[in-house]
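Inspection log for the structure reproduced underneath, given as structure tokens.
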Amino acid sequence: MTTFDLRTSIAEALERSRDRSTLLTDAVDDDELVRQHSKLMSPLVWDLAHIGNQEELWLVRDVGGREPVRQDIDELYDAFQHPRAERPALPLLNPTEARAYVREVRDKVFDVLDRTPLEGRDLVDNGFAFGMIVQHEQQHDETMLATHQLRKGAPVLHAPNPPAAPAERLPAEVFVPSGPFEMGTTIEPWALDNERPAHPVHVDSYWIDTTPVSNGHYLAFMDAGGYDDPRWWSERGWAYRNEAKLVAPRFWQRDGDRWVRTRFGVVEPIPVDEPVVHVCFFEAEAYAAWAGKRLPTEPEWEKAARFDPATGRSRRYPWGDEDPTAEHANLGQRHLRPAPVGAYPAGQSPLGVRQLIGDVWEWLDSDFQPYPGFKAFPYKEYSEVFFGGDYKMLRGGSFGTDKAAVRGTFRNWDHPIRRQIFAGFRCARDHRPG
């Protein structure tokens, strides 16, 4: 890629991210922007100004060497300084000020992009710092989308439905043979530090579900008394089930003799053919035990997503090395729901596993740990401070994840009790010859 093409690609990614941030914040009035819709989330106006502040810190000041725009607000928008529950009480920029701030920062960023050599130091090689900021904004856009799911009131976001699944009969599981594969990456230009470096991992043979677990299958677990039977729950999971009084995925409620859900302000019957979403790790773990299976580990998930047995190499994505398109995966808030299980045949892996990218983040039975040879870059607060904490891995992205912020090596993590995120799961099981 030429320098001109790289600058053009970066500019397009920056504009796509900002268009999405604008959509999510302009969809509601200013009163809703400053309101905290859930203690789990920041006010939308905090996310907006935080996006601008990170962009200023890294691109205007560090990469560009320019004078600060608003150094006085750095502490207000430092995510490590103030827990989300406390942010509404801070002297935040109001909506008008926040919009003006992010516009001013972005104008300076485009000037920096035009004038900065995209080589010569690690932070700018291949446009890394710009890519990091694109991913950061898109991650906050997905967080703001989750805030929209938590808000009360009439629908304000609208999108067409995703494509239907082809009329074909898929196997319930796919066999993954024993052997090594290359996990992680050393060459992906915008990969973050926790995805690096590439390293060989041996994985024993196993079976993995062809598609994520559907609402229909999850309803069978519920109808069988799965929430009331401690046999299926880990000790921690059962304790949390009782503490939180879990009886169904978040945003589900009873309507007479049926279950319905609230999705971005729309109350609708449960679509049985969609992947289940808004379940925590413990719920996923319990379902898997009830089904006689388990959750995949992180190496198992990545091998199923990237390993090509015909060549022995690991791909960037399940379908190959080209960037995602609308034919491959449900990404980018193009639709406001997961696609039916079995959709996107063009996006399946060489082994025949579908919907590994997009639709729902997938809970995995692995903790967040560094890869061998890990080096924090460009700052330890992105990954290193979270290693060894109470986190479970999530892979693959959701319908609310942008293509810039997910790939076959991308790693996400969260507390195992989280249910507001767009997370589902698929199951795996050991292979026992004979």
Side-chain angles (χ1 to χ4, degrees), residues 162-163 165-166 168-185 187-188 191 195 198-214 275 288 293-332 338-366 393-399 401 403 405-412 423-431:
E168 58 182 320
R169 189 174 184 85
L170 295 172
E173 300 173 305
V174 168
F175 178 69
V176 183
S178 175
F181 83 106
E182 185 180 79
M183 187 171 183
T185 181
I187 61 173
E188 184 72 29
E195 301 171 63
H199 58 287
V201 175
H202 178 88
V203 181
D204 291 335
S205 58
Y206 62 99
W207 294 84
I208 191 166
D209 289 355
T210 305
T211 64
V213 170
S214 69
K293 300 184 180 184
R294 57 176 174 79
L295 296 179
T297 64
E298 189 176 19
E300 287 174 337
W301 186 95
E302 188 166 324
K303 185 172 185 179
R306 300 184 63 212
F307 180 67
D308 184 351
T311 63
R313 65 178 290 268
S314 293
R315 299 173 164 190
R316 292 180 69 214
Y317 296 96
W319 55 84
D321 293 336
E322 66 270 28
D323 289 340
T325 70
E327 299 297 313
H328 292 124
N330 182 7
L331 290 167
V341 295
Y344 298 101
Q348 76 176 21
S349 75
L351 293 165
V353 189
R354 292 203 184 172
Q355 292 168 284
L356 286 156
I357 300 292
D359 287 308
V360 292
W361 289 101
E362 298 186 17
W363 285 112
L364 302 175
D365 196 7
S366 292
M393 298 309 300
L394 293 147
R395 298 294 295 267
S398 76
F399 64 87
T401 307
K403 65 181 181 180
V406 72
R407 52 199 154 260
T409 58
F410 189 89
R411 307 175 77 198
N412 189 12
F425 63 100
R426 74 181 71 218
C427 299
R429 64 182 176 92
D430 297 340
H431 173 60

Self-check item: P309: partners by side-chain contact (heavy atoms from CB on, under 4.5 Å), with sequence neighbours left out
Solution: F307, P350, L351

Quiz item: Do the rings of H431 and F175 sit parallel, tilted or perpendicular, given the 30° and 60° boundaries?
Solution: perpendicular

Practice problem: Measure across P162 and N330 and return the closest heavy-atom pair with its distance rounded to 0.1 Å. | Solution: CB-ND2, 4.2 Å

Quiz item: What are the two closest non-hydrogen atoms of A428 and L295, and how far apart are they?
Solution: CB-C, 4.5 Å

Quiz prompt | E322: partners by salt bridge (Lys or Arg N to Asp or Glu O under 4.0 Å), with sequence neighbours left out | solution = none

Quiz item: Does the side chain to side chain contact (heavy atoms under 4.5 Å, CB included) test come out yes or no for F181 and E302, once each step is laid out?
Solution: CA-CA 9 Å; F181 83 106; E302 188 166 324; 4.0 Å; yes

Quiz item: Residues two or more places apart in sequence or in another chain: which of them pass salt bridge (Lys or Arg N to Asp or Glu O under 4.0 Å) with E362?
Solution: R426

Exercise. Please lay out, stage by stage, how L356 and W301 fare under the test side chain to side chain contact (heavy atoms under 4.5 Å, CB included).
Key: CA-CA 8 Å; L356 286 156; W301 186 95; 3.4 Å; yes

Quiz prompt | Donor-acceptor contact present, side-chain R315 to main-chain A305, <3.5 Å | solution = no

Exercise. Please report the shortest heavy-atom distance between G342 and T211, naming the atom on each side.
Key: N-CG2, 3.6 Å

Practice problem: Check A343 against P163 and note the closest heavy-atom contact, atom names and distance. | Solution: CB-O, 4.2 Å

Practice problem: Kindly write out the residues that satisfy side-chain hydrogen bond (donor to acceptor under 3.5 Å, both in side chains) with Q348, not counting sequence neighbours, or none if the list is empty. | Solution: R354

Quiz prompt | Results of salt bridge (Lys or Arg N to Asp or Glu O under 4.0 Å) for R313 - residues two or more places apart only | solution = D321

Practice problem: Hey, could you give me the OG/CG distance between S398 and D359, rounded to the nearest 0.5 Å? | Solution: 8.5 Å

Self-check item: 4.5 Å side-chain heavy-atom contact, P318 and V353
Solution: no

Practice problem: Might you point out which heavy atoms bring T210 and P171 nearest each other, and give the distance in Å? | Solution: OG1-O, 2.5 Å

Practice problem: Could you tell me whether the side chain of T401 reaches within less than 4.5 Å of the side chain of K403, counting heavy atoms only? | Solution: no

Self-check item: K303/V176 under side chain to side chain contact (heavy atoms under 4.5 Å, CB included): CA gap, chis, key distance, verdict
Solution: CA-CA 8 Å; K303 185 172 185 179; V176 183; 3.9 Å; yes

Quiz item: For W319, which residues count as a side-chain hydrogen bond (donor to acceptor under 3.5 Å, both in side chains) partner, sequence neighbours excluded?
Solution: none

Practice problem: Under the side-chain contact (heavy atoms from CB on, under 4.5 Å) rule, collect the residues that match up with T185, sequence neighbours excluded. | Solution: I187, E188, A191, E195, T409

Exercise. Rounded to the nearest 0.5 Å, what's the gap from CZ on R411 to CG on L364? Could you check?
Key: 10.0 Å

Practice problem: Go through the steps for V174 and W207 under the test side chain to side chain contact (heavy atoms under 4.5 Å, CB included), then give the verdict. | Solution: CA-CA 6 Å; V174 168; W207 294 84; 5.8 Å; no

Practice problem: Measure from the side-chain N and O atoms of Q355 to the backbone N and O of P340, and report whether any donor-acceptor pair falls under 3.5 Å. | Solution: yes

Exercise. Working to the nearest 0.5 Å, report the span between OG of S205 and CD of E300.
Key: 9.5 Å

Exercise. Could you tell me which residues satisfy salt bridge (Lys or Arg N to Asp or Glu O under 4.0 Å) with E182, sequence neighbours excluded, listed by chain and number?
Key: none

Quiz prompt | From CG (L331) to CG (D323), nearest 0.5 Å | solution = 11.0 Å

Exercise. State, to 0.1 Å, how close R294 and T297 come at their nearest heavy-atom pair, and which atoms those are.
Key: NH1-N, 4.3 Å

Self-check item: S314: side-chain hydrogen bond (donor to acceptor under 3.5 Å, both in side chains) partners, not counting sequence neighbours
Solution: none

Exercise. Using the test ring-ring contact (aromatic ring centres under 6.0 Å, His included), find all partners of F425 that sit at least two apart in sequence or belong to another chain.
Key: Y287

Practice problem: Please identify each residue that fulfils ring-ring contact (aromatic ring centres under 6.0 Å, His included) with Y344, with sequence neighbours left out. | Solution: none

Quiz item: Among all residues two or more places apart in sequence or in another chain, which pass the side-chain hydrogen bond (donor to acceptor under 3.5 Å, both in side chains) test with N412?
Solution: none

Quiz item: Is there a donor-acceptor pair closer than 3.5 Å between any side-chain N or O of S349 and the backbone N or O of A304?
Solution: yes

